[in-house]
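Scope of the values below: all heavy atoms of this structure, side chains included, with no hydrogens, waters or symmetry mates. To find a chain, count down the sequence lines: A is the first, B the second, and so on, and within it residues start at 1.
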Amino acid sequence: MKKILLLGALAILPTKALVAAEYTVDPSHTYVSFSVSHLGFSTMRGQFDRQTGSLEFDPAAKKANVMIEIDASSIDTGHDKRDAHLRGPDFINTVEYPTITFKSTNTTWNGDKPATVTGDLTILGVSKPVTLTITAMKCGPNPFNKKETCGFDATGSINRSDYGVTYGSPNIGETLDLQIEFEAVKD
Amino acid sequence: MQQLLARPEFQSAIIPFTAALLVALALHKLNARAGLWALLVAFVVAAGLINGLTLTPLTGTRKIILLVVASLAAAALLPKILPGQNLQRSANSLVLALGLLWVFWAVVARMPTDAILFFLVGASALVLVLQAGFERIVSNPAQLQAAGLSLLLGVGLSATAAASALLGQLGLALAAGCGGAFLAWVIVGGASVATGLRQPITTLPFVLAPVLLGLAAVLFASLPWYALIPLAAIPFAVSLVPLKFDSRFLRALLASLPGLVIAVSVAFWIWQTSASDSGY
């Protein structure tokens with residue numbers, strides 16, 4: 001009986017080690033924000049207020065897969081009238097394209113920490129590869145609820161006309177700088 | 001020059017107006033439907049400047065651009081291919097129905113059942129009212145062009161006030177093109193420049209463009225649906241004005257007045273109710 005249990009444990013152990021831990025993105029600690037030149041005068045900032053997602057993370061195997069789905073209609077620049085304009089067909093057309101998604105395809109590592117994440121960002125139904133640089137990262141138990149948590153800060157930039165968002169170009173900036181901070185809790 | 005071409009007033013007013021005027025004047029002795037060709041050229045140029053020379057991703061707005069171009073080309077070409085009036089009316093209805101489904105169905109299908117029914121009934125009513133209105137004036141060049149100009153101006157201004165400069169600019173570019181072709185008719189006269197040659201197919205772009213742009217402004221932006229009711233009355237209002245003058249200028253002016261009053265009033269109302277503040 002002991003032999004059988006031992007063999008069973010040996011059979012499971014390597015399998016468990018190969019399976020990356022799965023996490024669910026915590027919307028209350030996740031921020032997808034952007035900044036863009038406003039007519040060359042200043043930088044305009046905004047964010048999306050609602051997003052969901054998942055993370056598979058295994059630093060030992062240098063494996064990380066992230067998927068974030070953003071509710072496009074939750075765009076928020078702190079100005080109702082401008083937000084309505086941004087939701088309309090001039091920009092991200094949230095009635096026709098209700099979600100913006102990011103799905104990672106490749107990760108580079110610096111030691112046991114991910115350095116960059118490349119993935120497909122889909123806006124207006126157009127998917128283009130984007131590389132995000134990870135500027136901060138920590139995994140461990142949350143000291144308050146004891147749940148295993150990973151957090152990442154990442155930055156990148158996109159050219160909006162690559163996604164067919166051409167209105168107001170070049171007066172309204174072509175390049176959008178992205179800042180993504182998210183936490184994910186182990187399932 | 002590049003900066004000039006990026007300015008909305010050039011993209012959707014000065015350039016399409018000038019292009020339509022020049023093309024209509026250049027073609028009026030060569031082609032019986034010079035006004036429609038002029039409007040087609042004006043819209044293609046303006047849409048290229050406003051939207052860029054890209055059709056990807058194929059959003060609802062870009063589908064509208066394609067359909068308006070196709071409808072103008074059909075109105076200019078099809079009378080020879082489809083000579084029968086009933087055949088042309090059937091073609092109009094088919095194109096309008098398929099166009100509406102192509103542009104809006106993906107969005108409408110996600111709505112609750114009552115909203116889908118409301119959209120289908122409302123869109124059908126809008127199409128039928130505009131078709132009936134334009135059929136009344138299709139044989140009168142002054143009234144047809146005045147109604148097209150006013151209706152598209154109304155749709156363009158209202159869409160702009162309702163948070164879509166893109167749809168608004170497309171409507172205004174069409175209105176400017178109508179204005180250019182209309183002015184050519186005033187200058188040289190005759191049926192050759194007139195967009196109306198008593199053919200039902202001629203009404204297709206004048207119905208299709210405001211229906212698609214108006215409904216897109218309702219669904220994709222925030223134009224109240226009931227704003228389309230007074231705008232749909234424009235062809236009827238234009239038809240009520242007696243035009244018993246020899247002067248084409250006076251006929252054009254009088255035919256345009258009721259439509260322009262409705263168009264500007266609706267746009268002002270939308271602008272007021274949308275609590276517009278500029279400069280954000």
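Under 3.5 Å, the side chains of T59(B) and N93(A) contain no donor-acceptor pair of N or O atoms.
Proximity of Q169(B) to Y167(A): side-chain heavy atoms (C-beta onward) are separated by under 4.5 Å at one or more points.
Other residues, nucleotides and ligands contribute over 12 non-hydrogen atoms within 6.0 Å of the CG atom of L94(B). In this structure, N145(A) places its CG atom where more than 12 heavy-atom neighbours from other residues, nucleotides or ligands lie under 6.0 Å away. When the shell of 6.0 Å around NZ of K62(A) is examined, it contains more than 12 heavy atoms from other residues, nucleotides or ligands. The number of heavy atoms from other shown groups lying within 6.0 Å of CG (N171(A)) is above 12. Dense packing is recorded around NZ of K63(B), with more than 12 heavy atoms of other residues, nucleotides or ligands lying under 6.0 Å away. For R110(B), the CZ atom sits in a packed shell: over 12 heavy atoms of surrounding residues, nucleotides or ligands are nearer than 6.0 Å.
Annotation: maximal heavy-atom pairing with chain B below 4.5 Å, among S161(A), G168(A), G88(A), P98(A), occurs at P98(A).
Among all heavy-atom pairs drawn from P89(A) and S164(B), the shortest one is CG-OG, 3.4 Å.
For T166(A) (side chain) and N51(B) (main-chain N/O), a donor-acceptor pair under 3.5 Å exists by modelled atom type.
Only the backbone of Y163(A) comes within contact range of chain B, with heavy atoms under 4.5 Å apart. Neither the backbone nor the side chain of L55(B) comes within contact range of chain A; no heavy atoms are under 4.5 Å apart.
Against chain A, the residues from residues 217-226 of chain B that qualify, each with a non-hydrogen atom under 4.5 angstrom away, are L219(B), F220(B), A221(B) in number order.
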